[in-house]
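Structure first, commentary second.
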Amino acid sequence: MSVHSVESNGARIPLVGLGTWDLRGRTCARMVEAALGLGYRHIDTAAMYGNEEAVGEGFRASGLPRDQVFITTKVWQSDLAPRDFERSTRDSLKKLKLPFVDLLLIHWPNRNIPLAGTIAALCKMKREGLTRHVGVSNFTVALVEEAIAVATEPLVTNQIECHVYLDQSKVRAACRRHNISLTAYSPIARGRVRSDAVLSRVGKSYGKTAAQISLRYLVQQGIVVIPRTSDVGRLKENFDLFDFVLSPAHMQEIAALGGPQGRIVEWSGTPDWD
């Protein structure tokens, strides 16, 4: 089976993944197993989600070989001091019951902990084989540049809120300069796109839903998407994005929906660091 992916500083990241924020226990494990059964090859979790055990359980239930599934986890902002960072990483692997993850991210920046020390700890985890690749999440343009300046291993993604209503062109340009991919969380704006008149109208041209149009808009630009759902039917809908291409006119029309004030996720970070 062909997996649509993006390449970034040595990493090959599947373009569509399952986000697992707010999924717990058996529901989480069932969704991970179902997603992998449908063809997903990318699962996103985090220490803060409290579901790494369930994600690992779902992966094992799928019966897939370890090298066929790209698994991401993240270290929370309270654990960014170097010793805490290493402990959190090892705890995550223990919960996942895996010897390594494919991608380890700093979940949110923390202005009270020096970034250089956190980046050093992140890079150490790669050198020690606990993760194949490293990256960041919720980093502003300034923080991306600061991280690049001190990193001793290539950063492969910046995972940020990204959807049709939020213009992230500045962060995207900063990442592109360093060949860092963007991973979009909340790519369907927590369901808001489903009632959007423009997206629904465009969708009728392709026989697709508004959610599929909003996701295709991102992946067509090489942006990784990790929509979260607890509905098996929606799993398939969110994955069926590669049998059509949006026209340049439709891409332009959808781009006009976005603006700098379109954020829907409350920041735990420091937006004033821009």
Using the side-chain hydrogen bond (donor to acceptor under 3.5 Å, both in side chains) criterion, which residues pair with [X]? Sequence neighbours excluded.
{"X": "H163", "result": "E161"}
{"X": "S78", "result": "none"}
{"X": "R192", "result": "none"}

Of all the heavy-atom pairs spanning A151 and I119, show the shortest one and how long it is.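 Shortest heavy-atom contact: CA-CG2, 3.5 Å.
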
So, using salt bridge (charged side-chain N to carboxylate O under 4.0 Å, His left out) as the criterion, who are the partners of D102 when residues are at least two apart?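 By the salt bridge (charged side-chain N to carboxylate O under 4.0 Å, His left out) rule, D102 matches R66, R132.
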
Among residues at least two apart in sequence or on other chains, which ones pass side chain to side chain contact (heavy atoms under 4.5 Å, CB included) with [X]?
{"X": "K124", "answer": "E86, R127, E128"}
{"X": "E53", "answer": "K95"}
{"X": "R194", "answer": "I188, A211, R234, E237, N238"}
{"X": "P65", "answer": "D67, Q68"}

Where does the angle between the aromatic ring planes of F70 and H133 fall among parallel (under 30°), tilted (30 to 60°) and perpendicular (over 60°)?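 The arrangement is parallel - the two ring planes meet at less than 30°.
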
Partners of H107 by ring pair (Phe, Tyr, Trp, His ring centres under 6.0 Å), sequence neighbours excluded?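 By the ring pair (Phe, Tyr, Trp, His ring centres under 6.0 Å) rule, H107 matches Y49, W76.
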
List in chain and number order the residues that pass ring pair (Phe, Tyr, Trp, His ring centres under 6.0 Å) with F85, two or more places apart in sequence or in another chain; answer none if no residue qualifies.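 Once residues adjacent in sequence are excluded, F85 has no partner under the ring pair (Phe, Tyr, Trp, His ring centres under 6.0 Å) criterion.
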
Flag the pair E52 and K94 as a salt bridge only when some basic side-chain nitrogen lies within less than 4.0 angstrom of an acidic carboxylate oxygen.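 No, E52 and K94 are not salt-bridged.
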
Without placing hydrogens or testing angles, list every side-chain donor-acceptor pair under 3.5 Å for residues 251-260, not counting sequence neighbours.
from: E253; atom 1: OE2; to: R201; atom 2: NH1; distance (Å): 3.4
from: E253; atom 1: OE2; to: R201; atom 2: NH2; distance (Å): 2.3

Donor-acceptor contact below 3.5 Å, side chain R12 vs main chain E7: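 Checked: no pair found.
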
Give the C-alpha distance, both sets of side-chain angles, the deciding distance and a yes or no for salt bridge (Lys or Arg N to Asp or Glu O under 4.0 Å) between R177 and E145. CA-CA 10 Å; R177 283 197 296 273; E145 297 294 347; 2.9 Å; yes

Taking distance alone, no hydrogens or angles, what donor-acceptor pairs closer than 3.5 Å link side-chain atoms of residues 13-23 to residues at least two apart or in another chain?
from: T20; atom 1: OG1; to: D44; atom 2: O; distance (Å): 2.7
from: T20; atom 1: OG1; to: N51; atom 2: ND2; distance (Å): 3.3

